[in-house]
Amino acid sequence: MEDKLDCTEQLRQAKIELQLEKERSDQLEKLLNHDPDTGLKQRHILVRRINRLIMENRSRFAFGILRLDKHYQRIRHTRDRMKVLLYISSERLKPITGENNLYQSDRSDEFLFIIPDYKDRKDVENQIEEMIIKIKEPHNPPASDISFGCNVGVALFPDHANNLEELEVNAEIALGIFKEKNWKGSLYSPEIGRHYHENQSLESLLRACILNNFEGFHIAYQPIVNRNKQLISCEALLRWDAPEVGVVSPARFIPLAEESGLIIYLGKWVLYNALRQMKKWLEGKMKNLQVSVNLSTLQLEQDDFIETVSNALKSLELPGEAVHLEITESAVMANPELAKNRLAALQDLGIEIMLDDFGTGYSSLSALNQFPINTLKIPKEFVDVLPEDPHGLEMVRAILGIAKTFGFTTLAEGIEQQEQFDCLIGEGCQLIQGYITSPPVGASEFEERFLSGSV
């Protein structure tokens with residue numbers, strides 16, 4: 001009887017050991033295969049799954065990358081707050097993708113997902129749109145002050161790739177194009193692939209030309225006039241006549257320069273050369289003239305930016321009052337506190353600040369009142385519909401009203417028709433810029449126009 005009891009006890013102990021061993025094994029498996037912050041399976045699990053699906057080659061599927069945008073990266077206070085929001089984001093996505101189809105990337109701001117056996121392209125696009133909308137939803141207190149979105153890139157098997165490496169590359173390309181163009185939908189296509197590779201080639205050429213003493217670059221100056229069409233200032237605009245390619249539109253190469261960081265070098269070059277030209281004009285017969293130069297977000301964020309501007313003015317013995325610096329509303333709102341401090345430092349140098357593309361971003365009236373701004377620029381997209389479009393006219397009137405309230409000067413850009421000019425002047429706009437008076441011209445032609453008193 002005792003032997004039988006001993007055997008039973010040994011069996012019980014063995015079962016307990018087996019259970020403990022299984023629990024330890026499960027815990028180890030979870031540590032190895034699941035992300036500690038989101039609980040999602042990690043990338044290597046997805047890799048095995050995709051490779052198996054490709055080997056079986058019995059069905060089609062979509063592979064996607066969802067990356068939280070720059071506003072998530074700007075979250076302050078604590079790293080724990082970012083982890084909580086990352087977890088909340090994963091929980092929002094699970095009902096859309098299905099828990100088993102969502103994975104944590106090796107990046108801390110990125111998810112990977114798979115859509116198995118999708119019906120058609122529209123089915124994939126609908127899921128992408130759902131995810132984008134869900135990520136953008138406001139957060140509950142105490143995170144109600146936080147808002148961020150995401151960029152998504154998706155490639156289809158076997159339509160866009162025959163192996164995992166191609167799937168990942170093409171999904172990453174689609175994500176990059178989606179971020180750059182903010183296209184609706186983010187599915188890879190041959191058109192997107194061509195656009196990407198063209199951009200890669202153009203970026204390489206851009207870099208080479210910058211290294212080769214800014215080969216092919218020059219500055220054009222577009223006149224700015226008052227209500228009587230008297231020429232009072234100009235905007236310095238960068239132009240590029242690339243070797244073996246020809247003229248490249250600023251709408252094409254400026255975004256590339258910003259994305260690659262090359263805009264920092266181009267921005268310094270434009271600033272110094274525009275100021276040097278201004279020095280020549282002021283030493284001649286062109287008195288009481290100002291030049292405006294555009295700033296990018298990256299330039300404003302450089303630690304030595306204020307010093308760079310100050311040194312340029314000192315080296316050329318130019319007063320700050322001769323210069324206007326333009327920055328877009330979206331650039332200001334990307335980091336409001338930094339922007340406020342940097343713009344105030346520029347004003348301390350005597351420089352006037354122009355807020356470009358006002359009304360196309362997300363600044364509030366309370367925020368606008370805090371920024372050291374001298375001039376609001378009315379965007380071309382609002383001007384284009386004047387005077388017929390009632391909505392466009394109301395937008396212009398609203399901007400003019402805000403400017404009057406805060407004591408800002410107003411400048412409308414992109415005016416091409418006399419009717420637009422008359423409408424804006426009639427509504428009280430103070431300064432005008434556009435082809436109605438003059439396209440951007442070379443320095444010598446601008447000088448001739450200024451001295452003649454006509455545009």
Side-chain angles (χ1 to χ4, degrees), residues 33-35 38 40-69 89-90 93-135 149-204 252 255-256 259-260:
N33 297 330
H34 292 76
D35 182 81
T38 62
L40 296 175
K41 291 178 183 177
Q42 295 183 341
R43 179 182 178 277
H44 65 272
I45 304 296
L46 176 59
V47 168
R48 290 207 297 264
R49 180 179 177 186
I50 289 177
N51 283 330
R52 187 170 61 251
L53 288 170
I54 291 174
M55 286 180 63
E56 292 171 354
N57 199 23
R58 291 184 300 188
S59 62
R60 56 186 181 176
F61 63 89
F63 165 76
I65 304 169
L66 186 148
R67 187 174 299 158
L68 302 179
D69 65 18
S89 297
S90 71
L93 293 172
K94 282 179 184 178
I96 301 170
T97 63
E99 187 168 355
N100 292 328
N101 296 324
L102 185 66
Y103 298 78
Q104 183 65 50
S105 169
D106 294 337
R107 288 180 53 137
S108 61
D109 61 347
E110 185 177 274
F111 301 102
L112 306 175
F113 61 91
I114 188 170
I115 305 176
D117 298 315
Y118 63 88
K119 296 176 184 177
D120 51 30
R121 189 182 178 95
K122 187 64 178 175
D123 182 33
V124 177
E125 290 173 343
N126 288 340
Q127 284 206 39
I128 294 170
E129 190 169 356
E130 278 188 73
M131 287 187 274
I132 292 170
I133 292 171
K134 202 67 181 174
I135 291 294
C150 63
N151 301 302
V152 184
V154 177
L156 306 178
F157 175 85
D159 301 35
H160 302 147
N162 294 315
N163 56 61
L164 175 61
E165 183 180 0
E166 288 180 358
L167 272 173
E168 290 185 309
V169 167
N170 290 341
E172 188 74 45
I173 288 173
L175 184 147
I177 298 296
F178 174 80
K179 180 181 176 183
E180 173 194 339
K181 297 293 185 182
N182 199 22
W183 289 2
K184 184 178 181 182
S186 46
L187 270 175
Y188 179 84
S189 69
E191 178 193 0
I192 286 175
R194 283 193 301 272
H195 181 82
Y196 171 80
H197 292 295
E198 287 171 2
N199 276 1
Q200 290 292 99
S201 298
L202 194 60
E203 184 183 318
S204 296
R252 184 82 193 283
L256 277 179
E259 186 70 23
S260 62

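Heavy atoms only: backbone and side chains are in, while hydrogens, waters and symmetry mates are out.
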Legend entry - Glu110 and Leu66, any side-chain heavy atoms less than 4.5 Å apart: no

Inset, instruction - Kindly indicate whether the side chain of Arg252, heavy atoms from C-beta on, has any atom under 4.5 Å from the side chain of Asn199. - result: yes

Legend entry - Where at least one partner belongs to residues 158-170, residue pairs that pass side-chain hydrogen bond (donor to acceptor under 3.5 Å, both in side chains), sequence neighbours excluded: Arg43-Glu168

Inset, instruction - State which residue, out of Arg49, Lys94, Gln127, fulfils the side-chain hydrogen bond (donor to acceptor under 3.5 Å, both in side chains) condition with Asn101. - result: Arg49

Legend entry - Residue pair Phe111 / Ser90, side-chain heavy-atom distance below 4.5 Å: yes

Legend entry - OH-CG distance between Tyr118 and Asp123, expressed to the nearest 0.5 angstrom: 9.5 Å

Legend entry - Gap between atom CG of Asn151 and atom CD1 of Ile135 - 0.5 Å precision: 11.5 Å

Inset, instruction - Taking all heavy atoms of Gly64 and all of Val154, pick out the closest pair and write down the distance. - result: CA-CG2, 4.0 Å

Legend entry - Leu53 side chain reached by Ile114 side chain, heavy atoms, under 4.5 Å: yes

Legend entry - Check: Ser189 main-chain N/O paired with Arg194 side-chain donor or acceptor under 3.5 Å: no

Inset, instruction - Give, for atom CG of Leu187 and atom NZ of Lys122, the distance between the pair rounded to the nearest 0.5 Å. - result: 10.5 Å

Inset, instruction - Check whether any side-chain heavy atom of Ser186 lies under 4.5 Å from a side-chain heavy atom of Ile128, and answer yes or no. - result: yes

Inset, instruction - Evaluate the side-chain proximity of Ile50 to Phe63: yes if any heavy-atom separation is below 4.5 Å, no if none is. - result: yes

Inset, instruction - Could you tell me whether Gln200 atom CD has more than 12 heavy atoms of other residues or ligands within 6.0 Å of it? - result: yes

Legend entry - Side-chain donor/acceptor of Asp35 to backbone N/O of Leu40, under 3.5 Å: no

Legend entry - Close side-chain approach of Asp69 and Cys150, heavy atoms under 4.5 Å: no

Inset, instruction - Calculate, to the nearest 0.5 Å, the distance between atoms CD and CZ belonging to Glu125 and Arg121 respectively. - result: 5.5 Å

Legend entry - Residues that Phe157 engages under ring pair (Phe, Tyr, Trp, His ring centres under 6.0 Å), provided they are two or more places apart: Phe61

Legend entry - NE2-CD1 distance between His197 and Ile192, expressed to the nearest 0.5 angstrom: 11.5 Å

Inset, instruction - Would you confirm whether Gln104, through its side chain, and Arg107, through its main-chain N or O, come within 3.5 Å as a donor-acceptor pair? - result: yes

Inset, instruction - Could you give me the CA-CA distance, side-chain angles and deciding distance for Ile96 and Lys134, then say whether side-chain contact (heavy atoms from CB on, under 4.5 Å) is met? - result: CA-CA 9 Å; Ile96 301 170; Lys134 202 67 181 174; 4.0 Å; yes

Legend entry - Beyond-backbone contact of Ile65 with Ser105, side-chain heavy atoms, under 4.5 angstrom: no

Legend entry - Lys/Arg-Asp/Glu bridge criterion (N-O < 4.0 Å) met for Glu172, Arg67: yes

Inset, instruction - Supply the atom-to-atom distance Leu102 CG to Thr97 OG1, rounded to the nearest 0.5 angstrom. - result: 4.0 Å

